[in-house]
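What follows is a single structure, written as C-alpha cells, with notes after it.
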Amino acid sequence: MSTIEKIQEELDVLVQETRQHEIILYNDDVNTFDFVIDSLISVCDHTLEQAEQCTILVHYKGKCAVKTGEYKELESKCTRLLELGLSAEIV
C-alpha cells in the first residue's frame with residue numbers, strides 16, 4: 001500500500017467517524033413565532049436574525065435544519081427543544 005493510499009484510507013475513516021447530523025425543527029399550530037425564536041436563541045445559540053429566519057422557514061416550508069454537529073453535541077439540544085414543546089428530531 002502506498003503512502004498516498006494509506007493517508008486517503010485514514011482520511012476516509014476520520015470523515016466517517018465525524019459524521020455530521022442535523023436537528024430538524026418541524027412546524028406546529030401551537031407555538032408562537034416569538035416562542036420559537038426565543039427557544040432557538042436559548043437552546044441553539046442562534047442570533048436573533050438566525051432564529052427569525054429559521055422560524056419563517058419552519059412556518060412556510062414545514063421544517064428547517066436549525067443546528068448541525070456531532071450527534072452527542074446535538075442530543076441535549078434536541079431534548080431541550082422537545083421539553084419546550086417543539087417538534088424536532090436529529091437526522
Side-chain angles (χ1 to χ4, degrees):
M1 177 182 286
S2 72
T3 304
I4 293 173
E5 289 174 331
K6 177 111 173 102
I7 290 171
Q8 183 62 45
E9 182 180 323
E10 290 173 0
L11 181 61
D12 290 343
V13 170
L14 182 61
V15 168
Q16 222 173 18
E17 289 177 359
T18 58
R19 182 169 176 258
Q20 296 292 298
H21 296 273
E22 296 177 322
I23 295 177
I24 305 295
L25 183 66
Y26 294 97
N27 190 35
D28 62 44
D29 295 328
V30 178
N31 295 295
T32 65
F33 271 60
D34 288 336
F35 180 76
V36 175
I37 290 167
D38 291 342
S39 298
L40 291 174
I41 291 170
S42 67
V43 175
C44 296
D45 303 318
H46 282 202
T47 64
L48 177 61
E49 293 78 16
Q50 286 175 307
E52 288 174 342
Q53 289 174 353
C54 286
T55 302
I56 289 169
L57 285 171
V58 167
H59 181 72
Y60 288 106
K61 300 285 186 176
K63 64 182 180 179
C64 177
V66 295
K67 193 76 173 173
T68 302
E70 293 184 33
Y71 189 88
K72 286 184 179 183
E73 172 196 344
L74 300 179
E75 194 171 21
S76 62
K77 293 180 185 303
C78 187
T79 299
R80 183 69 185 122
L81 291 172
L82 294 171
E83 288 171 346
L84 290 170
L86 300 173
S87 297
E89 71 174 339
I90 300 173
V91 295

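When hydrophobic clusters are built by joining Ile, Leu, Val, Met, Phe, Trp and Tyr residues whose side-chain heavy atoms come closer than 4.5 Å, directly or via intermediates, Ile90 is grouped together with Leu40. Both Ile23 and Phe35 sit in one connected hydrophobic cluster of ILVMFWY residues. Membership requires side-chain heavy atoms under 4.5 Å apart, directly or through other members.
Atom SG of Cys78 sits about 9.0 Å away from atom CG of Leu25, to the nearest 0.5 Å. Here the CD1-CD distance, from Ile37 to Gln50, works out to 12.5 Å after rounding to the nearest 0.5 Å. Ser76 OG to Glu83 CD: the interatomic distance, rounded to the nearest 0.5 Å, is 10.0 Å.
In this structure Glu89 satisfies the side-chain hydrogen bond (donor to acceptor under 3.5 Å, both in side chains) test together with Tyr26, sequence neighbours excluded.
Using a 4.0 Å cut-off between charged side-chain N and carboxylate O, Glu75 and Lys72 make no salt bridge.
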Derivation and outcome, side chain to side chain contact (heavy atoms under 4.5 Å, CB included), residues Val66 and His46:
CA-CA 9 Å; Val66 295; His46 282 202; 4.1 Å; yes
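Under the 4.5 Å side-chain criterion, counting only non-hydrogen atoms from C-beta, Asp45 is in contact with Lys77. Between Glu52 and Leu48, the closest side-chain pair of non-hydrogen atoms falls below 4.5 Å. Residues Leu74 and Lys67 have side chains in contact (heavy-atom distance under 4.5 Å, counting atoms from C-beta outward).
Across all their heavy atoms, Glu70 and His21 have their closest contact at C-CD2, 4.4 Å. When every heavy atom of Leu84 is checked against every heavy atom of Ser39, the shortest pair comes out as CD1-OG, 3.7 Å.
A side chain to side chain contact (heavy atoms under 4.5 Å, CB included) with Val43 is found for one member of Leu81, Asp38, Leu86 and no other, namely Leu81.
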For a quick test of your reading: what N or O donor-acceptor pairs under 3.5 Å do the side chains of residues 53-65 make, sequence neighbours left out?
| from | atom 1 | to | atom 2 | distance (Å) |
| --- | --- | --- | --- | --- |
| Thr55 | OG1 | Ala51 | O | 2.7 |

